[in-house]
Amino acid sequence: MNHEHMEISEVKRVHERDTIDKHKGHHTEDFLKKFWVVLALTIPILAYSEIFARAFAWQPPQFAGESYVMLVLGSLIFFYGGSVFLRGAYRELRARLPGMMTLIALAITAAYSFSVFSVLTWSPHTLFWELSTLIAIMLLGHWIEMKAVKGAQGALRELAKLLPDTAEVVRGDATQTIPISELRVGDQVLVRPCAKVPADGIITEGYSGLDESILTGESKLISKGKDAEVIAGSINGDGSLTIEIRKIGEGTFLAGVMRLVAEAEASKSRLQILSDRAALYLTAVAVVAGTATFVAWIFLESGIVFATERLVAVFVIACPHALGLAVPLVASISTQMAARNGFLVRKRIALESARTIDIVLFDKTGTLTTGAFGVHAIIPAGLFTEQDVLQKGAGLDQGSEHPLAKAIVAEARKRGVALPLMKSFERIAGMGARGDVGGETVLIGNEAFMNEVTIVLTPDVLVKTRALESEGKTVIFVVSKGQLVGALALADTIREESREAVEALRELGIRTAMITGDSPDVAKWVAKELHIDEYFARVLPGEKSEKVKMLQAKGHKVAMVGDGVNDAPALTQADLGIAIGAGTNVAIESAGIILVKNDPRDIPKIIRLSQLTYTKMIQNLFWATGYNIVALPLAAGVLISKGIILQPAVAAVFMSASTVVVAINAVLLRGRKLTL
């Protein structure tokens with residue numbers, strides 16, 4: 001079984017559990033094919049109808065057995081063209097959820113049964129032309145609807161297509177092409193230029209740029225070499241790569257994304273639940289109104305033909321077709337827009353909640369900051385320069401694995417500072433290190449280490465370092481040949497994208513808050529740098545959910561943004577949980593929305609998409625139900641004294657038109673931008 005077959009079975013399992021597919025068993029072109037056949041059969045029925053004779057004052061030649069020919073043509077149309085609606089009604093009734101298909105089936109069955117009875121009793125009045133035109137128009141309407149929504153559906157199928165069907169596995173000195181279903185963990189796979197990566201793994205040989213747009217949402221190539229991780233579905237650039245497979249099948253990143261999309265497509269928002277309930281009520285109203293209309297016109301002695309026409313017209317105009325499509329289609333499109341923009345909607349109700357959020361609570365480490373140290377300031381002493389401080393400090397730290405030491409070395413390399421030869425490295429536990437750098441004895445460490453080795457810290461340097469320490473930064477001093485060279489201030493690096501995210505949220509009128517286990521000094525500095533409205537410091541992981549409750553008690557609608565591991569209780573407690581990173585199971589289980597790119601700038605996009613989605617849903621609900629207020633009484637014949645009445649075929653046009661308007665309006669959402 002290939003990946004597409006697996007994907008299709010998953011879609012079927014999820015959707016059969018939660019929805020009834022009114023088009024089950026039919027392709028888009030089936031409706032068009034049936035429409036053309038029904039249209040061809042409808043032409044002679046129309047030509048011999050009463051309405052044709054009245055409209056054109058002409059009739060084709062009459063012949064013996066004419067009524068039976070119309071019966072045969074009408075029967076072909078009913079059983080061939082109407083079978084779609086009859087089967088749909090059967091599924092709805094079996095599920096005890098009568099809806100659009102049930103009403104159409106009732107309408108065409110009423111028209112057909114009456115017409116058959118009329119022919120068999122030699123009555124001149126039949127409803128064959130109403131029946132045939134109604135079925136033709138409904139088939140055309142369904143085809144237009146399916147064409148309009150086809151591009152908005154099938155997200156899982158499109159994701160499945162991201163994977164290649166085969167992989168080139170290295171076997172000795174040669175390669176062997178095998179189906180990806182036969183890949184095993186540990187296999188060495190050759191990925192040629194412009195080919196797709198078949199499964200998650202690491203590069204063991206080669207260097208190339210990869211298009212990881214399925215992960216990042218951006219098509220920019222990312223350069224990767226040996227030991228770098230790659231994900232299934234990535235597109236290789238112009239270099240050849242050998243990859244060791246680490247994850248296959250359900251364990252891959254792409255499989256996780258597909259599970260999230262499947263869950264999102266199966267889940268329902270509050271508005272969708274409301275529209276489903278409204279569709280059920282509208283069906284009940286239609287049956288009652290149609291029956292009452294039929295009885296009323298019989299009582300008024302308008303004749304069974306006219307009464308049946310009104311019954312059919314009411315059934316058709318009240319079909320909750322557009323209502324059933326109004327919200328699910330918008331939700332489907334918004335879910336896919338989210339994925340294309342770098343965040344995954346696990347539950348649609350979470351996306352719907354985002355528009356009500358008035359404060360976003362960020363976990364600091366790994367969300368607003370990188371979670372890794374960086375050099376924030378260099379303070380040279382005396383006549384020394386910043387380059388001297390970096391060169392000597394990084395020169396010694398070449399031999400250390402400490403995170404602070406790695407940050408200092410990384411800064412030196414970033415600035416292009418040449419590092420002299422280092423030897424005799426000695427680590428001083430809890431204080432620093434010493435060693436020989438370019439023939440000079442160099443010491444590096446904290447203030448306690450400087451006091452122990454009796455190094456005098458000059459007042460001008462101390463003033464600056466004390467100010468930096470008050471902001472929560474870690475200060476490291478550098479000494480060479482017994483003389484203070486200067487100091488380095490290090491801190492958790494603030495993401496540049498965090499500044500943009502906070503500013504974008506402010507423009508949306510949303511407050512921001514930060515929660516951290518760090519000291520108040522560190523929290524105050526980060527909050528000041530990012531212009532965050534409120535912060536909570538020295539908060540233990542288990543206490544984070546209490547801070548969310550506290551904000552909620554003040555009347556706030558809270559979005560919590562965290563890494564999905566120690567933030568899980570807070571993510572669950574919040575009105576909207578947003579997990580940074582799609583790689584942890586805890587994130588997937590505790591959050592409603594997952595930020596694939598680890599980019600906080602996607603949070604304003606979530607809120608913007610939520611606002612756009614809600615607006616489209618309300619618009620569609622209006623288009624789906626508003627016309628019933630006017631059309632239903634007209635179909636029942638309340639204005640017949642004014643010469644205004646809706647024939648069943650015209651009612652079908654109105655109903656189909658509202659469905660098409662709803663579909664087109666939903667598809668227009670795809671063109672909206674999520675950035676202000």
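What you are looking at is a predicted structure, and each value in this text was computed from that prediction instead of being measured. Below, each value reflects all heavy atoms present in this structure, side chains not excepted, and no hydrogens, waters or symmetry copies.
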How long is the gap from [atom1] on [X] to [atom2] on [Y], to the nearest 0.5 Å?
X	Y	atom1	atom2	answer
Lys392	Ile408	NZ	CD1	15.0 Å
Asn341	Leu674	CG	CG	4.5 Å
Ser498	Leu530	OG	CG	6.0 Å
Arg511	Arg506	CZ	CZ	10.0 Å
Ile378	Asp388	CD1	CG	10.5 Å
Asp358	Leu551	CG	CG	9.5 Å

Looking at side-chain heavy atoms only, is the closest gap between [X] and [Y] below 4.5 Å?
X	Y	value
Ile494	Leu368	no
Phe536	Met550	yes
Leu404	Thr474	yes
Leu468	Ile379	yes
Gln573	Lys544	no
Pro198	Val189	yes
Thr356	Leu576	no
Val526	Phe362	no

Between [X] and [Y], is there a donor-acceptor pair closer than 3.5 Å when you use the side chain of the first and the backbone of the second?
X	Y	value
Asp533	Thr512	yes
Asp200	Ala232	yes
Asp599	Arg601	yes
Thr615	Gln611	yes
Ser208	Ser240	no
Arg670	Met337	no
Asn236	Arg192	yes

What is the minimum heavy-atom distance between [X] and [Y], and which atoms define it?
X	Y	value
Gly482	Ile455	O-CD1, 3.6 Å
Gly206	Leu241	C-CD2, 3.6 Å
Ala537	Ala523	CB-CB, 3.8 Å
Ala574	Met560	CB-CB, 3.5 Å
Ile202	Glu229	CG2-CG, 4.1 Å
Gly562	Asp363	CA-CB, 4.1 Å

Where at least one partner belongs to residues 484-493, residue pairs that pass salt bridge (Lys or Arg N to Asp or Glu O under 4.0 Å), sequence neighbours excluded: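 Only Lys364-Asp492 qualify under salt bridge (Lys or Arg N to Asp or Glu O under 4.0 Å).
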Trace of the side-chain contact (heavy atoms from CB on, under 4.5 Å) decision for Leu609 with Phe343: CA-CA 11 Å; Leu609 179 60; Phe343 52 95; 4.0 Å; yes
Mind listing the side-chain donor-acceptor pairs of residues 444-453 below 3.5 Å, one per line with the distance, residues two or more places apart or on another chain?
unit_1: Asn446; atom_1: OD1; unit_2: Ala448; atom_2: N; d: 3.3
unit_1: Asn446; atom_1: OD1; unit_2: Phe449; atom_2: N; d: 2.9
unit_1: Asn446; atom_1: ND2; unit_2: Gly430; atom_2: O; d: 3.2
unit_1: Glu447; atom_1: OE1; unit_2: Arg466; atom_2: NH1; d: 2.8
unit_1: Glu447; atom_1: OE2; unit_2: Arg466; atom_2: NH2; d: 3.1
unit_1: Asn451; atom_1: ND2; unit_2: Glu447; atom_2: O; d: 3.4

Verdict with supporting geometry, Leu210 and Lys196, side-chain contact (heavy atoms from CB on, under 4.5 Å): CA-CA 9 Å; Leu210 284 95; Lys196 293 179 180 179; over 6 Å; no
Residue pair Val522, Thr516: steps toward the side-chain contact (heavy atoms from CB on, under 4.5 Å) verdict: CA-CA 9 Å; Val522 174; Thr516 179; 5.8 Å; no
Short N-O contact, Asp602 and Lys605, less than 4.0 angstrom: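 Yes.
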Residues Arg499, Glu529: salt bridge by 4.0 Å N-O rule: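 The answer is yes: the pair qualifies as a salt bridge.
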Would you mind writing out the side-chain donor-acceptor pairs for residues 456-465 within the sub-3.5 Å range, not counting sequence neighbours?
unit_1: Thr458; atom_1: OG1; unit_2: Asp460; atom_2: OD1; d: 2.7
unit_1: Thr465; atom_1: OG1; unit_2: Val461; atom_2: O; d: 3.2
unit_1: Thr465; atom_1: OG1; unit_2: Leu462; atom_2: O; d: 3.0

Neighbour count >12 (heavy atoms, 6.0 Å) for atom CD, Glu205: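 Check fails, neighbour count at 12 or below.
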Lys226, Glu244, Gln188 screened by side chain to side chain donor-acceptor pair (under 3.5 Å) with Thr204, the one that passes: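 So, applying the side chain to side chain donor-acceptor pair (under 3.5 Å) to Thr204 and each of Lys226, Glu244, Gln188, only Gln188 qualifies.
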Full working for side-chain contact (heavy atoms from CB on, under 4.5 Å) between Ile178 and Leu183: CA-CA 8 Å; Ile178 63 172; Leu183 278 178; 4.1 Å; yes
What pairs of donor and acceptor atoms, side-chain ones from residues 413-427 against any protein atom, are under 3.5 angstrom apart with sequence neighbours left out?
unit_1: Arg415; atom_1: NE; unit_2: Glu411; atom_2: OE2; d: 2.9
unit_1: Arg415; atom_1: NH1; unit_2: Glu386; atom_2: OE1; d: 3.1
unit_1: Arg415; atom_1: NH2; unit_2: Glu411; atom_2: OE2; d: 3.4

Pairs involving residues 504-528, ordered by first then second residue, that meet ring-ring contact (aromatic ring centres under 6.0 Å, His included) (sequence neighbours left out):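 Every ring-ring contact (aromatic ring centres under 6.0 Å, His included) pair that includes a residue of residues 504-528, provided the two are not neighbours, is His376-Trp525.
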Set of residues satisfying salt bridge (charged side-chain N to carboxylate O under 4.0 Å, His left out) with respect to Lys406, sequence neighbours excluded: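 Per chain and number, Lys406 pairs via salt bridge (charged side-chain N to carboxylate O under 4.0 Å, His left out) with Glu401.
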